[in-house]
Structures are given as structure tokens and as C-alpha cells.
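Below, read A as the first sequence line, B as the second, and so on, with proteins coming before strands; counting in each chain starts at 1.
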Protein chains: 2
Amino acid sequence: MDVTGQTPPDGPADPAPEPRKAASIRDVAHVAGVSYQTVSRVINSHPNVREETRGRVEAAIETLGFRRNATAFALASGVTRSVTVLTSNTTLYGYAATLQGLEEAARAAGYALGVKLLTPEDDLDRTVSAAAATGGGLMVIGFDRLAASALDRVPENVPCAAVVEAPSHGRTPPRPAVWADDREAARAATAHLLELGHPTVHYVAIPTSVDTRHSEGPRAQGWRGALEAAGVTPPEPHGGRGWDARFGYDEGRRLARDPGVTAILCGNDDLALGVLRALHHAGRPVPGDVSVIGFDDAPHAGFVTPSLTTVRMDFQGLGRDAFALLRGQLENDHRPLAPTFAAPDLILRESTRGHAPRQ
Amino acid sequence: MDVTGQTPPDGPADPAPEPRKAASIRDVAHVAGVSYQTVSRVINSHPNVREETRGRVEAAIETLGFRRNATAFALASGVTRSVTVLTSNTTLYGYAATLQGLEEAARAAGYALGVKLLTPEDDLDRTVSAAAATGGGLMVIGFDRLAASALDRVPENVPCAAVVEAPSHGRTPPRPAVWADDREAARAATAHLLELGHPTVHYVAIPTSVDTRHSEGPRAQGWRGALEAAGVTPPEPHGGRGWDARFGYDEGRRLARDPGVTAILCGNDDLALGVLRALHHAGRPVPGDVSVIGFDDAPHAGFVTPSLTTVRMDFQGLGRDAFALLRGQLENDHRPLAPTFAAPDLILRESTRGHAPRQ
DNA sequence: CTGAAAGCGCTTACAG
DNA sequence: CTGAAAGCGCTTACAG
């Protein structure tokens, strides 16, 4: 099974068409027998052009296959209509869905979208600087520490907006930003588990954008708050060092060993999947013995067995709204409206069930 | 649960810093007391600059917060170092992983990466044209019909490469491209099921880039070929109209009704998840009664229960290699080497088991 | 080692 | 309605 393929470096069989230079407005003007300014008027649909002239120019554009050079346009006009999104991940569900919302909104507005991945290896200042030098706006998906630092480093005079974790009481993101109420969502999910009769709820955390030496993420805060409101002392939270099922599995194994554990809230659905798997391996049926709630409502959450009770998050809506916020800075006539994204919503499925206290 | 947040449109509390214009090399030159050409030499690390002059210029750059305007650089120098990837999806595992490989390779080479989503609604020619006008290279992720059409429409004189489905015998992609051997992978997976004792294997297809009125995708071809080689008449394939678990679930329900179905190959892991779920609902245990194989080895495939036997695909490697192919066209001194991506690999897990013919 | 000129492909006033 | 000029912020020769 090792046959793989590639078109030979020399390209397809037919003789490689020499990459002749693209036509410019001067070429078009020459063919159409007008000055190049007139060509500019035509491609910008300026009203004051004689119909017959316009026709000649359009014909020339067609025959030469002219496409306006976007770089020259940007430099001369000063309008860039492009956004670069800074993110530390593109494949995790929350990031990918946010990116998708961003892309949709950008496309609808006629903006080009660039993606620049943030990595711990690359110099953050250089990365942010390079992105800023593009001339367009900057968008940061600030779900983790790395992205939060990037957001802090965006030069003041470059247009920028972000989607972030719900900020703590009284704190304001360094730039215009949107967020969902993760805190309230986690509180509600935890309260649901408590109402089901579980004596306490354990939490397996995702990484967060806040400095965990001094604080914790909004989802953890909501979980903690719900327990405290019910008068139960929150157990030590787990996780916080990774996003995927493998981390969930590792934490799940630990939790499975404790017979007192009957309810687990996970920071996302992938962690929950890992926890489910660990509980299965430990012979602890879900939801018979343990109830599990995920977070995000990723596409597969409803199709695993047991299907996952989870909190649906409208990442695409966040992305759209964040773009509107940025666009407001880029085009001064454009005023972003109130948020349009949907609030988090607890989706009840098979992985949770009422808990009857043991005799 | 409806509290959501957004920074007020006016921005953070502190008075919005007026977006003063970015400094140009002339500004830097003025502050440093040199001509702007000298500034150009410094920012391009040209050797012939007196140490003391260089120092003054660098100091001026620092105090003014100068960043070279990428647009002007591109226009003046003619080097773009940017790639726009055309894709009809960014969230499905195969697409997202390919994109990630592309991004990594682009970043390593110092290229900016743009993403342009292909949709059935937008005019394909306009979309492709707009992307081509960027001046950089074009990259297409050609896993579906829409993307394949986009690839066909890329003007001959714009640098372009693609990652595609394995082309049929003797056919060549319209542009330099890389591909994994999906056909052989599907053949091997099917043969494995046959060796396990299953009398036949059913197939739930993903959409494909080929015109299904005249042909079928490479994965389907491999599945069909394996059956025919074993002397069994291939049953009618299912699916082909969607990628996600819901489609898999619908097809799974149909298959579950047929007691003769004991082995199912799915075009990807999401479809397989849906099939698993449908079999569960129909009371047909996996792998006890039915064996299921997925495709791609998505991150969660190993964590569902039963864990999914699947074909691991190196999408990231494909993305990297495709980028090298494109770079070869953009920089004429750069010669792409032989493919470096890993061949598809069958990963045996819990969802498959030997089949003992019923008495 | 450093400066003055021309130009990348466009647009935006300004003339006529 | 259409053309000639100046300029966007840089780079690449060309001088000295």
C-alpha cells in the first residue's frame, strides 16, 4: 500500500505554457485605443464613459484576459479589504467554526481572508508585526494564552478585533471583542447535574487564555460558582493542559478510579469523548453509573454512543460578529449592530441521567 | 442563559487612540537624517551600509514603530510570497488537515496564506479570477466537484498546484498535483474485510471530484476492484451525497435492515460514526454482528466505542508536498523533491472482527 | 558607502 | 466624456 502519486515536477504532458506576464491597464488601453485612465474608469464602473468606448475597453479586457492587479489597487487606492486572522489552531472544533464564521462574513463583505498560525516557536512580536504590515485588519481568535498575548501585542494604530473568552468581572479586553457567556453556560450545565441528584460535579478543563496561576477560565469559574451556590465544596479541577480526546482519556482514567465520581463536566466535546472512553475501559457505564456533559456541540457529539449531552456554542456567530466589529474600524461609515450570535444552549442527550444515592 | 458580551462599539474605556498613519521609509529617513534609499538598504539588510548609519536608521525605525508596507514591497519588488488556497470546506477533517499542512509549509517558507471558500452560490470564474489577481500562487484542495471545476478554471499563466483525489488510469490533473493512493487503500481495506470471512462488503461513499454519471471516486473504485478480484459481485454503493455523520446515519439505517449486511466500508470516519450509531439503534452489535471500517483516521476515531478501524491518511503531508510543488513554480531556483507524505495505512481497531458464516 | 532617478500598476484629483 | 499629471510606498539599477 505504498503507491502514491504526484504530477511530475515538469507539469502535465503538454508543453508548459510560458507564464507570460499579465496584461496591465496600459495594455488594455493600447488594444482599445484609449488612454489607460479610461480603462481605470471602466473597471471601476465609473458613470462618465461613452457606451461605445466602454464596449471597446471591455472587449480588450476580454481578449487580453486582463485582471486588475490587487496589489497595485491596494497601494494606489489605500483600500485593502483584507483581514488576517491570528490563531493558534485551525482544526479544533471551536477554532475551526469561528474561522468559518469569520470567513463567511469576510466573503460576504468582499474581504480577502488571510490566516496566520501562532506557534510557541515563532517570535510573537515578529509574527504580529508581519501580519500588521499587510495593511488590512487583524482578527484574533483568543481562546488560549498564546493568542491572548498576540492580542496584547497588536500595535495600537492597526485595526483589530477579537473573539475571546468571557472576560472576568470588570476586566475589558485590550481591543474590541465579542464573547459568549461560557461562565453562565458552565454554571447552568453544572446546576443541571446537581438537580439530577449528583452530590458533586468534577471538571475536566480545557486550556484557557487567562493566567491560571492567578485565576481560571470562565468555564471553570461557572462550574465552581454553581457548586458553591449549592453549598458543595468544589473538588480539584482536572485537565487544562490539552484539548483533545487523549487528554480527556488520561484524566478520565484518574477520575474513573474514584467511586465517588458520578458526574463530570468537560471543557469540550473531545475531552468528553476521551472521558467516556476511559469510563468504558474502567467498566463504569455512562449514564448508568456516571453522567458526562461536554461543551461546544461538535458535529459528532450527537452520534457517539452514548450520545453526548453538551453545551451548544455558536462559534460561527461569534466569528461573524467579530468581523462586523473589525469592519466598523476599517470603514468609518460601517456601524456594527448588537451581537447576533446565539446564546449557549444546553443540549440534553444520553450521557446524563438522574442519580439515585446509594443505600 | 442568554447573557452574552461584546465590547461596546466605541472600543475600550480609554480614549480611542486616533489611528495615525503608519510611518514610511521617508519618515524614518527624515528622523535618521539619511535618504530613504538608505533606509531601504537597512531594512533589506544590504551589506554596504556604514555601521553608524545603520544604527541611526534602526533607532529611527524603533522610535517610529516603522513596519515595511507589504503591499508596496510586493508591487515594487515583484515578489509576492503569498498563496491563496481555494477550498470548498475548512472544517471537515480531510480538508482541515490538508490546510494545516499547507499552512505549515507556507509559514516555514515565509509565505502568507490566504483562504478563499468556494461555494455553489458564488460565480466560480469570478472567485478564481479574484484569487488569481492577488498576484501570488493558487492552491486548490480538490476533493470535490466544485473544487475540481475551480482547478479547471485557473488561468494558465497563474502559478497553481493542487491536492487531488487519485486520478483514474492514464488521466492527468490539469495542474501539477499530489495525491494519496485512495484506490489502493480502499482495495486493501476491502480485502481485509473479505479475509475476515465476510461474504461481501458494502460501501458508503463520500462525494467525489469525478463526475459520478460516468465514473466513480477512487475509494469506490478500490472497493469495487477488491470485490471483483475476489469474485464477488459488488452491491450497489450507498451515500455519495454528503460527508458527515448524519448522512452516515441515514445510510446506516437502510443497511441495518438487511440481515445480509455484515461488513461496511465507509468513505470517511464521520460517515462511519453515523453508520455505527444506526447499527446501534437497530440492535446490530459492532463488531459482533457487523464490521465497519472508516477512512482518514480523524482524531476521535480511536476514542469512540467501539473504536474505529480506519485507513490513516497523511493529509498534512499532502498539503506540504503540494506547497512545494507550487513553490517550485514561484521561485524558479526551487525544485520540489519527491513526495514526502506517508502512504495510507490500515489501522486495526475494535470495529472489525472475523465473520463466522451462520449455520 | 550614499544619494537622485525611474518605475511597479494602479487611483485620484485636475484639466479640457 | 476623455486625457495628462502626480502619487501610493517601496525597490532596483545608475551615479558618484
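Rounding to whole angstrom units, CD of residue B:Q37 and P of D:dC10 are separated by 12 Å. In this structure, the CD1 atom of A:I25 is 14 Å from the C1' atom of C:dG7, given to the nearest Å. The separation between A:N48 atom CG and D:dG3 atom P is 14 Å, rounded to whole Å.
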TODO: Determine, stepwise, if the pair B:S88 / B:D144 fulfils side-chain hydrogen bond (donor to acceptor under 3.5 Å, both in side chains).
DONE: CA-CA 8 Å; B:S88 66; B:D144 51 78; 2.6 Å; yes

Task: Stepwise ring-ring contact (aromatic ring centres under 6.0 Å, His included) check, B:Y95 with B:F315 - done: CA-CA 8 Å; B:Y95 290 86; B:F315 290 111; 8.5 Å; no

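With D:dT11, C:dG3, D:dG3 as the candidates, the nucleotide lying closest to the side chain of B:V34 is C:dG3. Checked against D:dC10, D:dT2, C:dT11, the side chain of A:R50 finds its nearest nucleotide in D:dT2. Picking from D:dC1, C:dT12, D:dG9 the nucleotide with the shortest atom distance to the side chain of B:N69 gives D:dG9. Residue A:V49 has its side chain nearest to D:dT2 when only D:dT2, C:dC10, C:dT2 are considered. Side-chain proximity of B:R68 to C:dT11, C:dG9, D:dT11: nearest is D:dT11. Side-chain proximity of B:I43 to the nucleotides D:dT11, D:dA5, D:dC8 is greatest for D:dT11. The side chain of B:R26 lies closest to D:dC10, out of D:dC10, C:dT11, C:dT2.
B:T127 OG1 to B:L146 CG: the interatomic distance, rounded to the nearest 0.5 Å, is 8.5 Å.
Put simply, the side chain of B:R67 reaches to within 4.5 Å of the side chain of A:V158, judged on heavy atoms.
Nearer the 5' end of DNA chain C, as judged by each residue's closest nucleotide, is the contact made by B:R41, out of B:R41 and B:L75. In this structure, B:S35 and B:S77 both approach DNA chain C, and ranking their closest nucleotides by distance from the 5' end singles out B:S35.
Checking D:dA15 for Watson-Crick or G-U wobble geometry (two distances, each under 3.5 Å) identifies C:dT2 as its partner.
Using a 4.0 Å heavy-atom criterion, one finds that A:T53 contacts the sugar-phosphate atoms exclusively.
A salt bridge is absent between A:R56 and A:E51; no separation between the charged side-chain nitrogens and carboxylate oxygens falls under 4.0 Å.
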